[in-house]
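After the structure tokens below, expect a handful of questions from me.
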Amino acid sequence: MSEKIHKVPDDFATLAHLRQADYQRLYQESIRDPNGFWARIGRRLDWIQPYTKIKDTSFDEHDFRIRWFYDGKLNVAANCLDRHLLKRGDKTAIIWEGDDPRLSEHISYRQLHERVCQCANALKSLGVGPGDRVTIYLPMIPEAAVAMLACARIGAVHSVVFGGFSADSLAGRIADCGSSVVITADEGLRGGRRIALKENVDEALKASGTQCVKHVLVTRRLGSNVSMQKGRDRWFEDLLQGQSKECPAAAMDAESPLFILYTSGSTGQPKGVLHTSGGYLVFVAMTHELVFDLREDDIFWCTADVGWVTGHSYVLYGPLANGATTVMFEGVPSYPDAGRFWQIVDKHAVTLFYTAPTAIRALMREGEEPVKQWSRRSLRLLGSVGEPINPEAWEWYHRVVGDGRCPVVDTWWQTETGGILISPLPGAIDQKPGSATLPFFGVQPAIVDNEGNMLDGVAEGNLVLIDSWPGQMRTVFGDHARFVETYFRTFPGKYFTGDGAKRDADGYYWITGRVDDVLNVAGHRLGTAEIESALVAHPKVAEAAVVGCPHDVKGQGIYVYVTLNLGETPSEELRTELRNRVRQEIGAIATPDFIQWAPSLPKTRSGKIMRRILRKIAANEHDQLGDISTLADPGVVDSLIRERLNGSD
Ligand code: 6R9
């Protein structure tokens, strides 16, 4: 743990929404009287039917429920658009910055409202109604925002699938939620490279289980020549063109589903995390305002893709609910060169900048020059999300990118939590590099040991949350039992985050990373089980075990142990084949960094693979294997270490 403290800068605190005393007072109130607290906060939204009931939650498996604002009705899209029209109709809602630095576009709230209404009417014309699922497989272009908000406007449930996922992954996600419509683009463009999105959709729709899809809408991003299947595929622009620019916003129950987002867990295939409308929007709007200390004239840029939860909550819903200007960037930090982020900051006078540690570390390697070429004078706050940020990267971000002027907010949260749960409030909470600091209002973190005992004071263990907050996921789509089992059974009565954490003498939280079989590779969540299942599907593979290994830029790399079937011989070709198989089944983000041939794997006598040992071997920490006496055949370990040292890679 870094001992360094960065005090809240005085000039920042003077103008900030909240100062230290405010944080203490409001936090206490939010815990003492959640109903009173959230009743007041909820009024920041426009309700079609105001709520009178606020919090109804229990993590007890036998009396399980999570409901917030549950007799109210609202429309999420109307909250993100319509209610701003009077005061902010001409204000820019979205600044789109293309992969090509010459391309950008400003879309006002009024223009966005019109496009969303047209898209909503188009979806209606295809028979889409409340509760129906729509899969969105788009690059970072305004159409993604339009499609998401159009779903919200008519009460349909969107499931955005990151454009980097493969056709197989897309097919699984379409089939799981039974979408009737898929919205995609001819091709995507990232870092100058084309991504064959429509082709992937065609491929996905050949898979079993995807017959639910009746319509595919294709937006023309590059004007490429793609095949259109008659009766099923239509051009997005053509369908929108004739539609009215007015579309009534459906009055939705606070607890009606807003979106499904697939995320990896420690077992099985990714699960459909379901978020609902009222609580989610209240929570993302409030966290967006206070964690980033938002002001009316801010230009907010979150670099995440809308295919991830960070894109949902802090590219789209939080900023638009607050009437802010949000930047949507199609490209990557390294294209055309390593100064791209800062060139964009200057070009659009970005004031609040939010990115992932992996991007910071990658840019750090390029030195200070590409940063210093740009003024970055507009910046007043920097944020980090997605994985633990090492103190060196934190300090570099603060000193080089922020010229030492800007507070850094290290925000801890998850797809499941909907919004930020642990983070400094920039005018109220002193920062320590590497610590996400203190809980947001209404959030009650705790640390428990492996037996579930609560640990007080300075402690290290498993991070849990002992009570609900409005942005919490409500269920796993189609499998409520899996939801309860995954999150509430390990430590009964508490939500288990899957993360480890330390708490220091100031009560600050330091997230140490996942304690389960979830990898965090360049800020992207991947389940070891998914990768293993892609590998063992290969006819030559008998068994595979996947673990994370330390990686300078990505935080974690993917380290794979493969046992081949008897009679098969390892080769470089096979290694390439296995890598490609994972890319094809999951996507490029899951490509293994190392594949080690393993004559056999270390297992307990009951046949469980001892990943703890495999992690140590992958990390070259052979001297810290711990107790291996419970292994069925301890000799396996020596041979794996020998292979590792021989540089089997
Ligand atoms: C928002 C998001 C969630 C996992 C989470 C944790 C890691 C996210 C972090 C962080 C340390 C932070 N994580 N933010 N770890 N410090 N500031 O990333 O959601 O993709 O679901 O990942 O990411 O391990 O459990 P998601």
Side-chain angles (χ1 to χ4, degrees), residues 1-2 160 162 164-165 259-266 270-275 280 283-284 287-288 291 302-318 354-361 382-391 393-394 397 408-424 431-440 443 445 462-465 471-473 476 486-487 490 495-503 508-528 548 554-556 589-590:
M1 289 196 276
S2 147
V160 181
F162 173 56
F165 278 122
F259 66 84
I260 298 166
L261 186 56
Y262 287 85
T263 194
S264 300
S266 45
K271 43 186 176 297
V273 166
L274 185 116
H275 281 286
Y280 171 80
F283 196 71
V284 296
T287 48
H288 178 254
V291 172
C302 164
T303 67
D305 191 285
V306 288
W308 309 107
V309 74
T310 308
H312 282 62
S313 300
Y314 300 110
V315 173
L316 201 65
Y317 287 117
Y354 190 32
T355 196
T358 184
I360 299 167
R361 286 190 300 260
L382 303 171
S384 171
V385 60
E387 48 175 321
I389 180 165
N390 46 314
W394 196 106
Y397 197 27
V408 173
V409 292
D410 173 6
T411 64
W412 175 84
W413 59 293
Q414 311 178 297
T415 306
E416 294 88 337
T417 71
I420 296 164
L421 294 199
I422 303 181
S423 167
Q431 297 128 47
K432 298 185 192 180
S435 169
T437 76
L438 297 172
F440 191 75
V443 175
N462 304 293
L463 183 67
V464 297
L465 297 154
Q472 183 171 23
M473 74 182 281
V476 169
T486 306
Y487 300 101
T490 318
Y495 169 86
F496 178 38
T497 62
D499 279 319
K502 300 177 194 174
R503 191 175 42 226
Y508 276 35
Y509 286 86
W510 300 71
I511 312 298
T512 51
R514 301 291 303 198
V515 294
D516 55 10
D517 292 326
V518 171
L519 305 180
N520 194 328
V521 179
H524 301 323
R525 253 170 90 161
L526 294 166
T528 51
K554 297 197 277 188
Q556 261 187 329
I589 53 171

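Order of appearance sets the numbers: ligands from 1, and atoms from 1 within every ligand. All heavy atoms count here, side chains included; hydrogens, waters and symmetry mates do not.
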CG on Leu526 to OG on Ser264, rounded to 0.5 Å: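 Taking OG in Ser264 and CG in Leu526, the distance rounds to 5.5 Å.
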
Minimum heavy-atom distance between Ser266 and Asp516, given as atom pair plus value: CB-CB, 4.0 Å

Audit row: Leu421, Leu465, side chain to side chain contact (heavy atoms under 4.5 Å, CB included) steps and yes/no: CA-CA 10 Å; Leu421 294 199; Leu465 297 154; 3.5 Å; yes

Modelled atom types, side-chain donor and acceptor of Tyr280 and Ser313, under 3.5 Å: yes

Minimum heavy-atom distance His275-Gly471, with the two atoms named: CE1-O, 3.1 Å

Modelled atom types, side-chain donor and acceptor of Tyr314 and Thr411, under 3.5 Å: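 Thr411 and Tyr314 do not have a side-chain donor-acceptor pair below 3.5 Å.
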
Quick check on ligand 1: any N or O pairs to the protein under 3.5 Å? One line per pair.
residue	atom	partner	partner atom	Å
ligand 1	13 (N)	Gly386	O	3.4
ligand 1	14 (N)	Gly386	N	3.1
ligand 1	15 (N)	Pro388	N	3.3
ligand 1	16 (N)	Glu387	O	3.4
ligand 1	17 (N)	Asp410	OD1	2.7
ligand 1	17 (N)	Thr411	O	2.8
ligand 1	19 (O)	Thr415	N	3.4
ligand 1	21 (O)	Thr415	N	2.8
ligand 1	21 (O)	Thr415	OG1	2.5
ligand 1	21 (O)	Arg525	NH1	2.8
ligand 1	23 (O)	Gly386	O	3.2
ligand 1	23 (O)	Asn520	ND2	3.2
ligand 1	24 (O)	Asp499	OD1	2.6
ligand 1	24 (O)	Asp499	OD2	3.3
ligand 1	25 (O)	Gln414	NE2	2.9
ligand 1	25 (O)	Asp499	OD1	3.4
ligand 1	25 (O)	Asp499	OD2	2.6
ligand 1	25 (O)	Arg514	NH1	2.8

